[in-house]
Amino acid sequence: MRRHRRLGVHGGAQGGAEILARSGREVIGIDVRDDAAREAVASLERSTARAVRRQRLTEQERRQALARFRTFSDLRAAADADLVIEVVPEDYELKRRVLAELDAVVRPGTILATGTNALSVTKLAAGSARPERVLGLHFFNPAPVMKLVEVVSSVLTAPAAVAAVTALAEELDKQPVAVGDRPGFVADGLLFGYLNQAAAMYEAKYATREDIDAAMRLGCGLPMGPLALLDLIGVDTARTVLDAMYAESGDRLHAPSPVLKQLEAAGLTGRKAGRGFYSYARPGGSEIVPDELTPGQDAAGAAGRPVRSVGVAGSGTMASGIAEVFAKAGYDVVLAARSQEKAEKARKRIAGSLGRSVDKGRMTPGARDEALARITPAASLDAFGSVDLAVEAVAEDLEVKRQLFATLDKVCKPGAVLATTTSSLPVVACARATSRPQDVIGMHFFNPAPAMKLVEVVRTVLTADDVHATVREVCGGIRKHPVDCGDRAGFIVNALLFPYLNNAVKMVQEHYASLDDIDAAMKLGGGYPMGPFQLLDVVGLDVSLAIQKVLHSEFREPGLAPAPLLEHLVAAGCLGRKTGRGFREYARA
């Protein structure tokens, strides 16, 4: 691709033009509107000035890049270009017309790339005089910063064109991912289904926009929550992509949530309009301002019950982590396991964790000793007689939990709050195993509990107001962020996360893209801390399959059916890191 020194950009993608100009290539910016061409130059001037201030460019490099970028309103300016990228609005007829017009002016060997992220590259190529030279080149915004580039080939695309564009992406210090032609490609194909489900969750009033976004940021380590991201992308853009995905897949999970169409019809398309799911200080700005949907800070509610002592049932990693969290926050903790030996072993695990915190300078030796002294190991739940809050973290088995709650009902004092950490089972079923279902609530911590800030507070139809208030107050005391949600499968995080993971498995199953390319696409294009297959192997394929089955059983959506490849791997005992093999193989410790 080194011979391709003259490149054209048709439309408003200043980001793409900038990285091309900064790479030393002559860039021809084409827009039939003179004001748009002027804005392209002004935008490039602003962005390169910021790059100089941030010491990413020298002033001389900036001047050279600006000199290499010229704008024209006549398409014939692209006649000698080696590659032309069109980035006009997502409209089939408009893009077809632009490609046809380019056909008439460029050389036979010129590659024509479409920047679409929603429309069929095959259909666009079929309308070209030379379909073999048409492909997709999808940069991610902001293009100068984002590393991912999806190179999209159709059944008509010549391999030489794909190789040339892939080489160009590598020369631009981008990571190209080769994908086939289907709406959304890899990154958006996985991302927009997740965003659509988040919009539907909000529309159903299952959780507030703030809690949905906080849950996905804190529970999954994402840079933005899904509703804030929809506002950034543009509600209208999201609807266009989802319409295209649904037209091809027929999957109801891709059918745009009605709230997206309603917001678009009202002109509330997100940041660019100054209002979408959130309200912004000004159109195009990022500062969120309070509106009529913002939760009140001074709203009076029920007072919580006093909590000084906590019982934690279980001896595994989650139980130990929860006990550590409460002990560090100053609560007296009774840690009950099936035997004294198991309880002592769990306490020893906590001692090791606290010791590592001291080694890393996160706490003093004195604070470690005080926290450890607050934890009393016990051989049975009988030790919970005086606790104010009992939290169970035992096996994810409904019958096991029901039996445990029946025991808690007998041993815990009147007024004690009884909480389950279940991630997939109905909280109300645990509540009904007691004679005091009003005292039962879900407190879903995330692993590792000492590090993860999120707690999903799951209220059933029977939970008392003061029990809900108690748990929210306790979350503040242990420095966790509580989000409220109702008692349905997956709550917030798992209900949005696992369908996304399941869809990634389907992509591999259908030979659409490789494990490595999908993981790279979601890390580089979506800002995910881990790719979906890395995460599946860490979580455990058996755990992931169980959660997906629960979601499918509760919501009855065909698109939520577990991917057969996931089922096959679990049946073969390939469960991820814990068995040494999942989607990838791992060295045994």
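Between D537 and R581, no side-chain nitrogen of the basic residue sits less than 4.0 Å from a carboxylate oxygen of the acidic one, so the salt-bridge criterion is not met. With respect to E324 and K328, a salt bridge is recorded, a charged nitrogen being found less than 4.0 Å from a carboxylate O. In this structure, R488 does not pair ionically with E554, as no charged nitrogen and carboxylate oxygen lie closer than 4.0 Å. The pair R308-D332 does not meet the salt-bridge criterion, since no charged nitrogen lies less than 4.0 angstrom from a carboxylate oxygen. A salt bridge does not link R209 to D231: none of the charged nitrogens lies less than 4.0 Å from a carboxylate oxygen.
Relative orientation of the Y194 and Y528 rings is perpendicular, given thresholds of 30° and 60° on the angle between their planes.
Two residues are said to be in side-chain contact when any heavy atoms from C-beta on lie closer than 4.5 Å; Y280 and V289 fail this criterion. For the pair C430 and T422, the minimum side-chain heavy-atom distance is 4.5 Å or more. The closest side-chain heavy-atom distance from L195 to L229 is below 4.5 Å. By the 4.5 Å heavy-atom criterion applied to side chains, K506 and Y512 are not counted as neighbours. Side-chain atoms of N196 and L253, non-hydrogen and from C-beta on, never get closer than 4.5 Å to each other. Contact of the V417 side chain with the V471 side chain is registered, since non-hydrogen atoms from C-beta on lie closer than 4.5 Å. Side-chain contact between F277 and V235 is present, with heavy atoms from C-beta onward closer than 4.5 Å. The shortest side-chain heavy-atom distance between E396 and M318 does not fall under the 4.5 Å cut-off.
The backbone N or O of A449 sits less than 3.5 Å from a side-chain atom of K480, completing a donor-acceptor pair. With hydrogens and angles ignored, the 3.5 Å screen pairs a side-chain donor or acceptor of R305 with a backbone N or O of G415. Under a 3.5 Å cut-off, the side chain of S353 and the backbone N or O of R349 do not form any donor-acceptor pair. Counting only distance, with no hydrogens or angles, the side chain of R479 and the backbone of V325 share no donor-acceptor pair below 3.5 Å. A donor-acceptor pair is defined here as one N or O able to donate and one able to accept, closer than 3.5 Å; such a pair exists between the side chain of T470 and the backbone of D466.
Shortest non-hydrogen contact noted between P223 and R217 is O-CD, 4.0 Å. Nearest heavy atoms, S380 versus A336: O-CB, 3.6 Å. Of all non-hydrogen atoms in L335 and A323, the two that sit nearest each other are CD1-CB, 4.2 Å. Nearest heavy-atom pair, A329 versus I478, reported as atom, atom and distance to 0.1 Å: CB-CG2, 3.8 Å.
By the 6.0 Å contact criterion, NZ on K578 is enclosed, its count of non-hydrogen atoms from other residues, nucleotides or ligands being greater than 12. The 12-atom threshold is exceeded at CD of E557, counting heavy atoms of other residues, nucleotides or ligands nearer than 6.0 Å. Heavy atoms of other residues, nucleotides or ligands lying less than 6.0 angstrom from NZ of K413 number more than 12. When the shell of 6.0 Å around CZ of R374 is examined, it contains more than 12 heavy atoms from other residues, nucleotides or ligands.
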Pair T240, T237 - check side-chain hydrogen bond (donor to acceptor under 3.5 Å, both in side chains), show working.
CA-CA 5 Å; T240 298; T237 301; over 6 Å; no
Check the pair E510 / L565 against side-chain contact (heavy atoms from CB on, under 4.5 Å), numbers first and verdict last.
CA-CA 10 Å; E510 295 162 6; L565 176 58; over 6 Å; no
Working note: E292 + R275, criterion salt bridge (charged side-chain N to carboxylate O under 4.0 Å, His left out); need CA distance, chi angles, decisive distance, verdict.
CA-CA 12 Å; E292 66 275 12; R275 185 173 176 186; 2.7 Å; yes
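A donor atom on one side chain and an acceptor atom on the other are found under 3.5 Å apart for S435 and D409. Between the side chains of D213 and Y278, at least one donor N or O sits under 3.5 Å from an acceptor N or O. Side-chain polar atoms of E392 and T420 form a donor-acceptor pair below 3.5 angstrom.
For A495, the side-chain contact (heavy atoms from CB on, under 4.5 Å) partners two or more places apart in sequence, or in a different chain, are M201, L551. Judged as a side chain to side chain donor-acceptor pair (under 3.5 Å), and not counting sequence neighbours, N503 has no contacts.
Taking CG from D487 and CG from L425, the interatomic distance works out to 10.0 Å, rounded to the nearest 0.5 Å. Here CG of D465 is found 4.5 Å from CZ of R459. Values are rounded to the nearest 0.5 Å.
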